[in-house]
Colleague: 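The structure's right below; bear with me while I get my questions together.
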Amino acid sequence: MEHEEMSGGGGGGGGGGGSLRRTSGRNRKVASKMVAALASTDNRTQAALARLEALENDNAAAEAAIEVNYIEDDDDSFDDEEDDQVYAKRQSKNTKRKTRQAKALDAKKAPRTFMELLHEANLEALPPHIPSYLRAAVGPPSSTSRRHFCAVCGFTATYTCVRCGMRFCSCRCQVIHNDTRCQKFVA
Amino acid sequence: MLSNNSNSVVVLDNGAGYIKAGIGGDRDPKIVVPNCIGKPSSSKKFLLPDQLQSHDDLTSVSIRRPFDRGYLINPDLQKEIWSHLFKSLLHINPNNSSLLLVEPLFNLSSIQRSIDELVFEDLGFRSLFVADSPSLVHLYEASRRPDGLISRAQCSLIVDCGFSFTHAAPVLQNFTINHGVKRLDLGGKALTNYLKELVSYRSINVMDETFLIDEVKEKLCFVSLDVDRDLQIARKTGKDNLFKCMYVLPDGITHTKGFIKDPNEAQRYHSLQDYSSTLLPGTNEEVGQLEISEKTEDRKKIDLTKNEFHLTNERFLVPEMLFRPADLGMNQAGLAECIVRAVNSCHPHLHPVLYESIILTGGSTLFPRFAERLKRELRSLVPDDYQVKITTQEDPILGVWRGGSLLASSPDFESMCVTKSEYEELGSARCRRRFFH
Ligand SMILES: [Zn+2]
Ligand SMILES: [Zn+2]
């Protein structure tokens, strides 16, 4: 039954099957990010980066969608003006209904991400004996032997998708992978 | 309502996931709330952490956090949350209070600057002390057992498996040995998101259901002691599948909270402890057939309008990510290797005592069998003549806070703080030097 449902979601071009609820539009947004990542030179590296990014993300694929919601929703909410255009639009609206918090947030620019702050801190320039965020990273595993799990069903997987590097265990799971998530959903 | 107590120390373990806040000297924090604001689909505006916590319908919550990858990136949002917390929940006045703040390891100086600004300039605290979680956990555990090894050797290895990352941190004489710290970029948040993905791929789209899936993770996930064996069990049908259980999503009408359909069914995996290790997996062909029959069985049982989904191998594949990230596509060493690398960065004299005083803290160490699995993996990596001893904190979520509370009530606490006037005179960077050696 999972199969039916997944192909329902995938066949509709990410349009969402019966039980895939209102979030399908958001999935498409991450999908486009994913496709962009995959279009770059090293597909699998990019896919792995996108994957880590996805695991960091709170509002599913909704980051972009949230901005849209802010314009459409009523004014009694916090702002998330990552986009200057959105910000400008908000400024022109009636501000009387805004909460104190919303105003406080309006006054400031959107916060920068940790990766931006890290880049700015220029920790690479520190002498090697100084401990830092960068030097504390555990690094890659020493053993190269890996177990692989099928991205579809979770069981031991022996095959690798040539396009995105994800694993699958059988023809059946490969079909589902190709139909529903290969380069469509977060890797 | 504001307290007139001029000696109060506010102890604030300001986690990326949860804020633990209270008064120094108390056993437990007065409040434990998520460090975020959120807008549930049933609400028109963003709710503050405590409002969010008491909101009865937490489906499809849009979340905004002041933290990104474990570090504070949005001081303005943090200020809103803290101001509300101090005024309306803790009832303290910063002007006559000191603050003991727990900060992540290797915090960037630009972030420290904005925190100091927030603490002294925006909120007006009288004085500030900044601590890191490994040293506080060490302090707390050492004080609990004055005759124990940790206290006698003044040394321990703290494994803090938090929301955004996991640190293995050696502590010596109440100071974290920074050059020995190793970080794994995985924590509770990544695990929840991984579970969201698995459920969304396999049955129903829950990508927007952070709070719900958090709960599913906490209630149903566990650490496997034998992944290959458990994968075989997970593909069995009927009663032989000890992991299969059903979770019912809220429908917003009859129930606004999700729940485990049959709690007894969810607990069946505990019988595995008596499981014979000679269990023979079926041949591939047999398994394939079983799988098909399982699907037909499911077709009859699952009613999609009820929004329920079943879990099997997800229950242990999710925490598995901490132990073998590479298996799940992440090019990082697992937790056991992370610990070995942390120990190896310290003086060889310390190695045996560090392996013998490993302390687990942080919410993600609460998965059943976490310590057992870690011990097994470490045993195979650590020299035979060293003992491996792992202790889980009595309360891995509150442990850091309790250490902070203990420190805040020590007689020389005030002398360790930076005062507001010192900050005004010296600035952030010079004041900060006092906190860490
Ligand atoms: Zn498969
Ligand atoms: Zn693929």
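Naming: A, B, ... by sequence-line order, numbering from 1 per chain.
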Colleague: What part of Thr113(A) gets within 4.5 angstrom of chain B, counting heavy atoms only: side chain, backbone, both, or neither?
Modeller: both
Colleague: Report the C-alpha separation of Asn307(B) and Asp251(B) in whole Å, then their side-chain angles, then the decisive distance to 0.1 Å, and conclude whether the side-chain contact (heavy atoms from CB on, under 4.5 Å) test is met.
Modeller: CA-CA 7 Å; Asn307(B) 279 349; Asp251(B) 61 1; over 6 Å; no
Colleague: Indicate the atoms forming the closest heavy-atom contact of Leu52(B) with Leu47(B), along with that distance.
Modeller: N-CB, 4.0 Å
Colleague: Which atoms of Glu314(B) come close to chain A, meaning under 4.5 Å heavy atom to heavy atom: side chain ones, backbone ones, both, or neither?
Modeller: neither
Colleague: Please determine which of Phe165(B), Phe106(B), Phe163(B) meets the ring pair (Phe, Tyr, Trp, His ring centres under 6.0 Å) test together with Tyr71(B).
Modeller: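 Filter result, single survivor: Phe165(B).
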Colleague: Heavy-atom pairs under 4.5 Å with chain B: which of Ala121(A), Ser170(A), Ala137(A) has the most?
Modeller: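 Answer, by heavy-atom pair count under 4.5 Å with chain B: Ala137(A).
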Colleague: What part of Ile130(A) is in contact with chain B, defined as an atom under 4.5 angstrom from a non-hydrogen atom: side chain, backbone, both or neither?
Modeller: neither
Colleague: If you count heavy-atom pairs under 4.5 Å with chain A, which of Asp228(B), Leu198(B), Val61(B), Val227(B) comes out on top?
Modeller: Val227(B)
Colleague: Is it true that the side chains of Asn313(B) and Arg202(B) contain a donor and an acceptor less than 3.5 Å apart?
Modeller: yes
Colleague: For Arg69(B), which atoms come within 4.5 Å of any heavy atom of chain A: side chain, backbone, both, or neither?
Modeller: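 For Arg69(B), heavy atoms of backbone and side chain both lie under 4.5 Å from chain A.
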Colleague: Measure distances from Leu108(B) to the heavy atoms of chain A and classify the residue's part below 4.5 Å as side chain, backbone, both or neither.
Modeller: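 Contact with chain A: side chain only.
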Colleague: Examine whether an atom of Leu191(B) lies under 4.5 Å from a heavy atom of chain A, and if so say whether it belongs to the side chain, the backbone or both; otherwise answer neither.
Modeller: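 Neither the backbone nor the side chain of Leu191(B) comes within 4.5 Å of chain A.
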Colleague: Using non-hydrogen atoms and a 4.5 Å limit, figure out which bit of Arg147(A) sits close to chain B: side chain, backbone, both or neither.
Modeller: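 For Arg147(A), backbone and side chain are both near chain B.
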Colleague: Sequence neighbours left out, cut at 3.5 Å: what donor-acceptor pairs do the side chains of residues 148-157 of chain A make with other protein atoms?
Modeller:
unit_1	atom_1	unit_2	atom_2	d
His148(A)	ND1	Arg167(A)	NE	3.3
His148(A)	NE2	Arg167(A)	NH2	3.2

Colleague: Could you note down all residue pairs passing side chain to side chain donor-acceptor pair (under 3.5 Å) where residues 179-191 of chain B supplies at least one of them, sequence neighbours left out?
Modeller: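 Listed once each, the pairs are Glu56(A)-Lys189(B), Asp58(A)-Lys189(B), Arg183(B)-Asp185(B).
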Colleague: Stepwise, does the side-chain contact (heavy atoms from CB on, under 4.5 Å) test hold for Leu311(B) with Phe243(B)?
Modeller: CA-CA 7 Å; Leu311(B) 293 173; Phe243(B) 307 130; over 6 Å; no
Colleague: Given heavy-atom pairs under 4.5 angstrom as the criterion, report whether the side chain, backbone, both or neither of Leu184(B) touches chain A.
Modeller: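 Answer is both: backbone and side chain atoms of Leu184(B) are under 4.5 Å from chain A.
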